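So the structure is just underneath, and the comments pick up after that.
Predicted, not measured: the structure shown is a model, and the values here were computed from it. In what follows, every chain begins at residue 1, and chains take the letters A, B, ... in the order their sequences are listed. We use all heavy atoms of the structure for the numbers below, so side chains are in, but hydrogens, waters and symmetry mates are not.
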There are 2 protein chains.
Amino acid sequence: MTTQSRATLADVARLAGVSSKTVSRVFAEAGNVSADTREQVLVAAKRLRFRPNNLARSLRRGGVTNTVAFVIGDLTNPFYFHVAAGIERELALRGLTMVLATTDDSPDSEERVVDALISQRVRALLLIPIADDQSYLEGERQLGTPVVSVDRPARNLLADSVVLQNRLGMAEAVRSLTAIGHRKIGFISNPSAMYTQRERLAGYREALREVGVVETAQWERLDDDPDISPELAVQSLLDLPDSPTAIVAGNNRGSAGAVRVLRNLKPPVAFIGFDDFELADALGISVVAYDTMELGRTAARLALDHLADPGAFTQQIEIPTRLIHRGSGEILPPR
Amino acid sequence: MTTQSRATLADVARLAGVSSKTVSRVFAEAGNVSADTREQVLVAAKRLRFRPNNLARSLRRGGVTNTVAFVIGDLTNPFYFHVAAGIERELALRGLTMVLATTDDSPDSEERVVDALISQRVRALLLIPIADDQSYLEGERQLGTPVVSVDRPARNLLADSVVLQNRLGMAEAVRSLTAIGHRKIGFISNPSAMYTQRERLAGYREALREVGVVETAQWERLDDDPDISPELAVQSLLDLPDSPTAIVAGNNRGSAGAVRVLRNLKPPVAFIGFDDFELADALGISVVAYDTMELGRTAARLALDHLADPGAFTQQIEIPTRLIHRGSGEILPPR
DNA sequence: CTGTTAGCGCTTTCAT
DNA sequence: ATGAAAGCGCTAACAG
């Protein structure tokens with residue numbers, strides 16, 4: 001079984017008895033080919049198992065590929081994956097394919113990874129910024145490559161962005177707790193340094209301030225060490241002399257930890273998580289939910305819009321969140 | 001802000017006062033360039049914001065890109081994206097990037113999608129087969145493109161494959177139930193037509209046969225209609241005059257349904273799921289678990305091995321499963 | 001260590 | 001409707 005080489009346009013042309021340009025026309029669907037010739041070309045192509053070489057095509061066409069890059073920090077996070085699914089779906093509608101690259105959550109590798117993708121001449125760049133600075137993309141943006149920042153805004157770069165309604169969503173959750181009488185409300189967040197968590201924290205504080213609670217530091221458990229389990233953070237809140245009657249979590253990780261600690265607690269502690277999760281319904285956990293795939297779809301759409309109209313203004317889009325009441329957030333404070 | 005064009009090797013060469021081949025050498029890291037020249041080239045490249053054009057490079061090098069394709073049916077399935085994460089991680093180690101394409105679980109689009117990827121000259125093809133027949137890939141395989149079938153074997157194609165220990169894993173789970181006295185054991189599976197489910201069903205029957213239970217049809221709930229909820233399947237088992245004392249689920253979907261129905265049931269029904277899931281520990285659900293990312297890593301490794309040694313034999317690898325005892329699988333039968 | 005020439009497979013441009 | 005020639009940006013194969 002020898003490894004034979006691939007058939008080219010010229011091979012097909014020779015076999016079909018036409019010029020390679022004619023074969024090109026058939027495969028580029030450029031019209032202007034008689035039905036007869038077309039038929040012959042297709043037969044020849046099939047016999048030779050011809051597949052057009054997109055590298056050559058893209059090169060000749062000025063480096064325009066049909067791939068779009070999505071750069072993620074950590075692929076194992078289900079959140080990012082749903083975003084990726086949304087992106088892929090939207091791109092597929094326009095015949096584009098997604099190339100996925102990860103930076104292993106390392107700010108240093110972001111530019112390197114992006115560079116490699118640019119060398120591959122991706123048509124647009126969607127990324128979840130990890131580094132502190134995306135100004136290195138300015139040149140590329142000026143060359144006409146749409147850049148869309150996903151889940152957090154890019155820094156030092158004028159780019160489209162799509163983020164969640166972090167602040168409002170969390171504020172709404174906390175308001176629903178204050179509305180039923182809670183005042184001592186804990187907030188757990190880890191890692192707390194990132195944009196989304198800072199925004200959600202702001203929403204938490206905002207809602208508490210509205211009911212006159214200004215001193216919230218004692219209720220906040222903001223950690224950045226991944227080794228500190230959310231269970232510990234929750235427990236430390238419960239161990240306070242004046243322990244909270246309700247707890248909110250800044251992310252899924254926190255919710256999982258809270259669920260483990262809070263179930264079967266007597267007197268029950270109210271809880272609302274940010275991010276929906278499997279079985280949250282069965283467990284009766286109230287959450288701030290949103291359409292993760294829509295985040296991806298919107299990001300892709302922004303990129304495609306920019307491709308269609310390079311002069312379009314940059315946009316900052318917020319994906320709405322909604323509070324889902326399932327019981328845990330409706331637990332009243334004691335007395 | 002005019003859209004200027006990209007700098008090329010030749011532009012850099014002109015500015016640096018060298019030949020383009022020298023610039024090429026600098027960027028291809030081919031050595032044989034004096035430190036001085038190298039420095040000048042890099043300066044010029046930086047000034048012009050030069051990024052090598054990988055399309056041209058790959059074309060010239062004989063169509064060898066540094067991308068590997070992973071073809072999935074449905075990206076929203078968390079299982080697949082953990083596989084993708086494993087693949088991506090393994091590829092990144094060798095400087096390869098993953099392009100992800102989906103077929104929307106439509107067998108008809110599989111060949112079309114794969115064709116497009118081949119046109120992009122991906123270096124290897126990893127796929128979760130959806131169609132009934134992958135013989136269309138035979139030509140490509142003969143041209144030297146490694147093809148690895150993931151999670152199920154390919155049909156009518158001699159390709160590497162990586163699958164889970166489906167049969168053994170499920171048999172082990174059922175054996176652990178029969179060992180503590182269960183004989184009436186339900187099996188729910190939806191969709192049941194696919195390879196993994198058929199294998200797990202076989203493992204279930206095998207383990208029951210070992211203890212003399214041959215008539216299992218009454219305990220099997222094999223559905224293919226996604227509109228039939230696993231909850232209904234579980235309920236229909238419980239409604240039997242001689243209802244099962246234990247239930248096993250063929251997949252995650254079934255587990256979620258079973259958990260919803262079985263919690264708070266009095267007399268409790270034993271349960272073991274296939275696939276681990278978030279909070280399964282908190283809920284005390286016993287499962288057959290496995291390393292999903294390892295599935296991906298192994299698939300990528302197989303492809304890379306074949307790239308390194310095109311003559312290597314095709315391999316069929318099974319990723320081991322392990323039974324995790326968390327309580328729900330240790331519930332004894334009544335009396 | 002550096003340069004010249006040719007050409008990867010395709011499409012653009014201009015003929016016919 | 002079809003074809004010939006040129007060239008996209010890069011590197012292989014040779015020089016020197």
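The aromatic rings of Y290(B) and F79(B) lie perpendicular to each other, with more than 60° between the two planes, well past the 30° mark.
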Could you walk me through whether V150(A) and L127(A) pass side-chain contact (heavy atoms from CB on, under 4.5 Å), step by step?
-> CA-CA 6 Å; V150(A) 183; L127(A) 85 160; over 6 Å; no

Using the side chain to side chain donor-acceptor pair (under 3.5 Å) rule, take Q134(B) and E110(B) through it: C-alpha gap first, then chi angles, then the decisive distance, then the call.
-> CA-CA 9 Å; Q134(B) 276 75 42; E110(B) 182 180 298; 2.9 Å; yes

Could you walk me through whether F70(A) and Y80(A) pass the ring pair (Phe, Tyr, Trp, His ring centres under 6.0 Å) test, one step at a time?
-> CA-CA 10 Å; F70(A) 182 35; Y80(A) 295 138; 7.6 Å; no

Taking it one step at a time, do E138(B) and R49(A) satisfy salt bridge (Lys or Arg N to Asp or Glu O under 4.0 Å)?
-> CA-CA 11 Å; E138(B) 183 55 27; R49(A) 285 217 190 90; over 6 Å; no

For every nucleotide of nucleotides 9-16 of chain D, 5' to 3': is a protein heavy atom under 4.0 Å from its base (B), only from its sugar-phosphate (S), or from neither (-)?
-> BBBBB---

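The two atoms that bring L96(B) and T67(B) nearest to each other are CD2-N, 4.4 Å, heavy atoms only.
Taking the C1' atoms of five terminal pairs at each end of the helix from dC1(C)-dG16(D) to dT16(C)-dA1(D), the two resulting helix axes are inclined by 30°, rounded to 10°.
For E294(B), the salt bridge (Lys or Arg N to Asp or Glu O under 4.0 Å) partners are R297(B), R301(B), not counting sequence neighbours.
Among the atoms of the strands shown, none is found under 4.0 Å from any heavy atom of S58(A).
Residue T22(A) places none of its side-chain N or O atoms closer than 4.0 Å to OP1 or OP2 of dT2(D).
When rounded to the nearest whole Å, the span between CZ of R38(A) and P of dT2(D) equals 12 Å.
For the side-chain hydrogen bond (donor to acceptor under 3.5 Å, both in side chains) with S161(B), the qualifying choice from Q316(B), E318(B), R152(B), Q315(B) is Q316(B), the only one to do so.
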